Amino acid sequence: MPKRTRSTIRRTLVTAAVAALTATFLTPAAARAAAPQESRPVYSYADAVRESVWVDTGLDEDGDGRTDRVAADIVRPAEPARQGRKVPVVMDASPYYSCCGRGNESQRKTYDAQGHVVQMPLFYDNYFVPRGYAFVGVDLAGTNRSDGCVDVGGRSDILSAKAVVDWLNGRARAYTSRTGGTPVTAGWTNGRTGMIGKSWDGTIANGVAATGVKGLRTIVPISAISSWYDYYFAQGAPLYEGGPDELAGYVESADAQAHCAAVRQKLADGSPRSGDRTPLWTERDYVKDAAKVRASVFLVHGMQDLNVRTKHFGQWWDALARHGVERKIWLSQTGHVDPFDYRRGAWVDTLHRWFDHELLGYDNGIDREPMADIERHPDQWVTSAAWPPRGTRTAVLHPAAGGQAGVGTLGPRPGTGTESFTDDPALSETDWAAHLTTATPEKAGFLTAPLTRDLRLSGSSTVTVTATPTTGSAHLSAVLVDVGPDTIRDYADRAEGITTLTERSCWGGSTAGDSACFKETAAKTAAVDYTVVSRGWADLGHYAWPARGVPLTPGRAYAITLDLAATDHVVPAGHRLALIVAGTDKDLIDPPAGRPTLTVDLSRTTATVPLVGGAGAFVRATSGSTGAPAPRVLDGVGAPGTVRHVPVG
């Protein structure tokens, strides 16, 4: 991992004292051996302190004349406080604790008659509280037991969670009730906080980290959004119907529904379906503030996530890298799935070691291990010392006309001529890929010859398309495909690559109201003839200025560069790499107003692909190999289907 900008080893006062004493009497090697390497479950989960506080955010989003308070439910070990020792915090700030549930089993918070939390969703409290951590589950503003309004990744969302980090570090006020109440301080914690969460929860972790708040030592964003514009649009092309105002209404509490109409209207007004960038989207772009991040980042994402698409992790990762942030990454073959449900044992162990290192300061070596874990086949993982791997360089690939219309070649030399296709909103990337080797009117496909050696793509690609439309608006899709037989996780299945079993495994302490036992899962696989590797979409009217689209002039050529989603994929020897250029990708972007025919100028169309070994690797993998593919229909996973436009799971 690259050197972080703050101290790598951060120890608790107790650990520091032990280290000082051992250094007095032992050799350096012996002192290191005597230092703790792993937190142990030595504290009682059944006897843990369960309490709730309401933290003052300093905002009045619901306009009731008093500052909003957000509810923070706390589970912490009782013994350290009695012994005068302070503990770090694992925190998950979520809008879903009452409306929708968390995890594969959709768990919600439950409370006793005194209002203390009984069931905290997920395993974090069960596992980490006995090991000397506190767990804090925060209801975002406008949800569950919190005041305020949901503003979908904006000021209220982020500052309501940041206020809790500030309170944990003695910089904010909290009370024992939602109104009135007695002031309460967090004297039981040293303030060292790690935020974790999947989807919207992980998005909040990204946003809070981008404020640079002191005391937030690490974040673990799982399938998280890095820029809300890119959740709703792809370079001007709308990804779904609806907008953030509808999403706010989906998670709001009854109180917020009654008092937050003005906030919802502001969300609607600030997010026009034109795809233009507005100040609303600028506020919700965390990538631009990556330089402020003090926390380390352990990022997790499914490479086939069609809800929070992989552009989110790619642009966030690259921005963090530019600013020297310590990072670690896991990439799976799944869709929008938590690693607890596809690699459970390894995930719990790795997360445990990560928090021990980042929050307790244990020198357990995790910072010296490979940066990346990547699922290459279902349940088969490889590692990379760095990600993307050292030696990864971009290669510029050119589509060219082939022996039949719409079935061309992809290689290192510029092509000539044109290819045309007509947008068909009834078809998706799976339809295009299934007919890659045959001419069809709705797409243009370009394939390499069979590879003579493996070719690894690692990072984010771009495709520059020069196209002439027949109508005043047009949408474009660019798709990279690995053509060849394989068995992959069935990410298009409803569960996005997993099957939930009846057996359970247990991870930590349990009580009558909060079990640490969860249903096991197994990989849901599919045998395929092709695998979609990466995708990107754009509205051609945004060709000149990403912030604002313009009407197109039929018959005029336009050039636009599409940003494709980040990935890490090996195209094995014997397979082909293919590029598809088409219009509407059904259920992944919305169609334009008409049904344009687009003519692509092949001499001014390129794909820039990050390859381990760069252009030389591509030349070596394709040299000496010839032959057009035999025309046939290829089998793949099912069509993407309509993804519910809610970052939840």
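A quick note: this is a predicted structure, and the numbers were derived from the prediction, not measured.
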From [X] [atom1] over to [Y] [atom2], what is the distance, rounded to the nearest 0.5 angstrom?
X: Asp305; Y: Glu496; atom1: CG; atom2: CD; value: 6.5 Å
X: Met303; Y: Thr310; atom1: CE; atom2: OG1; value: 9.0 Å
X: Leu480; Y: Ile580; atom1: CG; atom2: CD1; value: 9.0 Å
X: Arg595; Y: Thr470; atom1: CZ; atom2: OG1; value: 11.0 Å
X: Asp423; Y: His475; atom1: CG; atom2: NE2; value: 8.5 Å
X: His542; Y: Leu562; atom1: NE2; atom2: CG; value: 12.5 Å

| query | So Trp281 and Phe233, would you call those rings parallel, tilted or perpendicular, with 30° and 60° as cut-offs? | reply |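 Ring orientation of Trp281 relative to Phe233: perpendicular.
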
| field | Aromatic ring pairing Trp317/Trp387, orientation class (parallel under 30°, perpendicular over 60°, tilted between) | value | perpendicular

| query | Taking atom types as modelled and ignoring hydrogens, do the side chains of Asp64 and His259 form a donor-acceptor contact shorter than 3.5 angstrom? | reply |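 Looking only at side-chain atoms, His259 and Asp64 do not form any donor-acceptor pair under 3.5 Å.
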
| Under 3.5 Å side-chain donor-acceptor pair for Thr605 and Thr466 |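 Thr605 vs Thr466: no donor-acceptor pair found between side chains.
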
Closer than 4.0 angstrom, basic N to acidic O: yes or no for [X] and [Y]?
X: Lys586; Y: Asp431; value: no
X: Arg102; Y: Asp92; value: no
X: Asp285; Y: Lys288; value: no
X: Lys198; Y: Asp341; value: no
X: Asp73; Y: Lys109; value: yes

I'd like to know if the side chain of [X] reaches the main chain of [Y], judged simply by a donor and an acceptor atom lying under 3.5 Å from each other, with no hydrogens or angles considered.
X: Gln119; Y: Thr110; answer: no
X: Gln107; Y: Leu122; answer: yes
X: Thr218; Y: Ser296; answer: yes

| query | Asn307 versus Tyr231: any side-chain heavy-atom pair under 4.5 Å? | reply |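 A side-chain contact under 4.5 Å exists here.
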
| said: I'd like to check Lys443 versus Leu427 (side-chain heavy atoms, cut-off strictly below 4.5 Å). Are they in contact? | reply: no

| task | Apply the ring pair (Phe, Tyr, Trp, His ring centres under 6.0 Å) test between Trp347 and each candidate in Phe298, Phe340, Tyr342; give the one that qualifies. | result |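 With Trp347 as partner, Phe298, Phe340, Tyr342 yield a single ring pair (Phe, Tyr, Trp, His ring centres under 6.0 Å), made by Phe298.
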
| task | Can you establish whether the number of heavy atoms outside Arg108 located under 6.0 Å from its atom CZ is more than 12? | result |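 More than 12 heavy atoms, drawn from other residues, nucleotides or ligands, come within 6.0 Å of this atom.
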
| message | Does atom CZ (Arg173) have a neighbourhood of more than 12 heavy atoms from anything else shown, all under 6.0 Å? | response |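 Counting neighbours around CZ of Arg173, 12 or fewer heavy atoms of other residues, nucleotides or ligands fall under 6.0 Å, so no.
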
| query | Do Arg145's NZ or CZ and the ring of Tyr111 fall within the cation-pi criteria of under 6.0 Å and 45°? | reply | yes

| query | Can you name the side-chain contact (heavy atoms from CB on, under 4.5 Å) partners of Glu61, sequence neighbours left out? | reply | Leu59, Asp68, Cys149, Arg155, Ser156

| Which heavy atom of Ser477 sits nearest a heavy atom of Ile589, and at what distance? |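 Closest approach of Ser477 to Ile589, heavy atoms only: OG-CD1, 3.9 Å.
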
| message | Using the rule side-chain hydrogen bond (donor to acceptor under 3.5 Å, both in side chains), only one of Asn144, Thr143, Asp201 pairs with Ser94; which is it? | response | Asp201

| request: Please check if the distance between the ring centroids of Trp200 and Trp228 is under 6.0 Å. | output: yes

